[in-house]
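Here is the structure we will look at, set down as structure tokens.
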Protein chains: 2
Amino acid sequence: MTTQPTRTIVSRRARPAKDPLSRELIVATALELLQKEGSAGLSMRKIAKALDTGPSSLYVYVANMQELSSYVLDLGLAGIALPASDAGSWQTRLFDALSSYLLALYDAPGVAELALTTVSVGPHALAFTEYLLQCLHEGGVSSLSAAWGVDLLMLYATSVAFEQSSRDARGTTIQTHLAAMAALDPQQYPRIASSHADLISGSVDGMERFRWGLDVILQGIMKKEG
Amino acid sequence: MTTQPTRTIVSRRARPAKDPLSRELIVATALELLQKEGSAGLSMRKIAKALDTGPSSLYVYVANMQELSSYVLDLGLAGIALPASDAGSWQTRLFDALSSYLLALYDAPGVAELALTTVSVGPHALAFTEYLLQCLHEGGVSSLSAAWGVDLLMLYATSVAFEQSSRDARGTTIQTHLAAMAALDPQQYPRIASSHADLISGSVDGMERFRWGLDVILQGIMKKEG
DNA sequence: ACCTGAACACCGTTCAAGT
DNA sequence: ACCTGAACACCGTTCAAGT
């Protein structure tokens, strides 16, 4: 009648020694799914299945989907590389930090969408925000302008990443959009028509446009400060 | 055995002479639901129920949820008021048009979220884009810069509206966020701490911040053009 | 041509019950 | 304390069948 030692082993089935649940494990699994399947892969039920349990088990470690999303976003930002404080001018470091953020979002299609609709107060998001604020501070920007400016810079980088990732995910979203633009009556929408022509003819890549936007925002901030 | 004239009347139940389905009716009903219940109200099944039919009936007029969303977004932008071309300088008109856009998004909480993740090529979205491009054109901005600039301006206005509407919808999202910021260690995040202090102390309303962002973008564009 | 019922394959969240 | 089964109230989309 005593419990046999084999019993435990049998109950673990053919899995690689199932780890006990934890918030870290849940969040890491969620990010993996998000990277593999895009935003459609991020669901309580799919995470639970990947961890070989039921969805209700997750609620011990996570209050709801929104809270989980903010944790996943923060983990997705773990890959951001922040330049050392002596790695060039504050402008250069600001640009490099934002480029690294962009890369981190490119890496995981769904994360960009998450970043657009979720705020994280996790360690990686905070460190990134602190870094950008510090750069602007070094540039002599007041702390109120810096706060608003960092918001604007991050929003811009996030949306560039989202646009790119939604192009990849939904196939030819941008293609369809451009086709619709091309089909418009140039009499009715003359400015759209000519802008569209320029967008087509211009041989500009994504990075050039990204740099343009950051420049615009930065120059605008400095102008208002000076 | 002949069909009785009353039969038709009975089948219409206590409804006000049920309109035949059409894309316009579907989209209008969808927008109503979105305005009443927020983004949670926008679902095929809820729209169908509101129209007293089954969800499959909608697919005759609309390919899928994404297409429907883009139509709903465009209808949501119908309320934008574009200033007459003699209503002040191009900067003033640009600002007024964007303010009107902001108001239209405030009006319907869910529409802002839609605008953040959906592109519309409907008449209202096109007219708005054309108007903004025209303003920048009058300001002497090149058509490539104008195209990118309009994107940036609209993105900014949309995100301001989204931030506001998510505050309303999810109750105290921003409150929670600010509380988390206040609880941070000022040693570890000195710039976040001082920015946060300024954000609290400064008596700035939403409109002031909105204007600041538009100014930054516009000044930045002009600087790069000049 | 238009509409419907019924089904398929999903969701987030709760809660009583088990260990 | 942690985990689970089962249920509740939802999703988008398809498709054979009816009118």
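Throughout, protein chains are lettered first and strands after them, A, B, ... in sequence-line order, and every chain is numbered starting at 1. Given the structure is predicted, the values throughout are model-derived calculations rather than measurements.
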Distance, C1' atom - from C:dC8 to D:dC10, rounded to whole angstrom: 15 Å
Can you sort out the partners of B:Ala104 under side chain to side chain contact (heavy atoms under 4.5 Å, CB included), two or more places apart, ordered by chain and number? B:Ile80
To the nearest Å, give me how far apart CG (B:Leu21) and P (C:dA1) are. 17 Å
Show me the pairs that pass salt bridge (charged side-chain N to carboxylate O under 4.0 Å, His left out) and involve residues 96-108 of chain B, at least two apart or across chains. none
Among C:dT4, C:dC3, D:dC2, which is the nearest nucleotide to the side chain of B:Tyr61? C:dC3
Dot-bracket for DNA chain C, please. Rules: Watson-Crick or G-U, both distances under 3.5 Å, ( ) within the strand, [ ] when a pair crosses earlier ones, | for another strand, . otherwise. ||.|||||...|||||.||
Which whole number of Å gives the distance between the C1' atom of C:dA16 and that of D:dC2? 15 Å
Return the set of residues passing side chain to side chain donor-acceptor pair (under 3.5 Å) with A:Ser194 (not counting sequence neighbours), or none when no residue passes. A:Arg191
Just to verify, what does B:Glu24 make a side chain to side chain contact (heavy atoms under 4.5 Å, CB included) with, not counting sequence neighbours? B:Ser22
Go through the structure and list residues passing ring pair (Phe, Tyr, Trp, His ring centres under 6.0 Å) with A:Phe128, not counting sequence neighbours. A:Tyr101
Do B:Val121 and B:Ser70 have side chains that get closer than 4.5 Å, going by heavy atoms? no
What is the distance, to the nearest angstrom, from the CD1 atom on B:Ile47 to the C1' atom on C:dT4? 18 Å
Whole Å only: how far is the CG atom of B:Leu51 from the C1' atom of C:dT4? 14 Å
Return the orientation label for the A:Trp148 and B:Trp212 ring planes: parallel under 30°, perpendicular over 60°, tilted otherwise. perpendicular
Residue pairs, two or more places apart or on separate chains, that pass salt bridge (charged side-chain N to carboxylate O under 4.0 Å, His left out) and touch residues 57-76 of chain A: A:Arg23-A:Glu67
Taking side chain to side chain donor-acceptor pair (under 3.5 Å) as the definition, give me every residue that meets it alongside A:Glu130, ordered by chain and number, with sequence neighbours left out. none
Rounded to whole Å, the CG-P distance (A:Leu58 to D:dC2) equals 14 Å
Compare side-chain N and O positions of A:Ser57 against OP1 and OP2 of D:dT4 and report whether any pair is under 4.0 Å apart. yes
Every protein N/O lying under 3.5 Å from an N/O of nucleotides 9-12 of chain D:
from, atom 1, to, atom 2, distance (Å)
D:dC11, OP1, B:Ser43, OG, 3.2
D:dC11, N4, B:Arg45, NH1, 3.4
D:dG12, OP1, B:Met44, N, 3.1
D:dG12, OP2, B:Met44, N, 3.0
D:dG12, OP2, B:Arg45, N, 3.3
D:dG12, N7, B:Arg45, NH1, 2.7
D:dG12, O6, B:Arg45, NH1, 2.6

B:Asp52 CG to C:dC3 P: how many Å, rounded? 13 Å
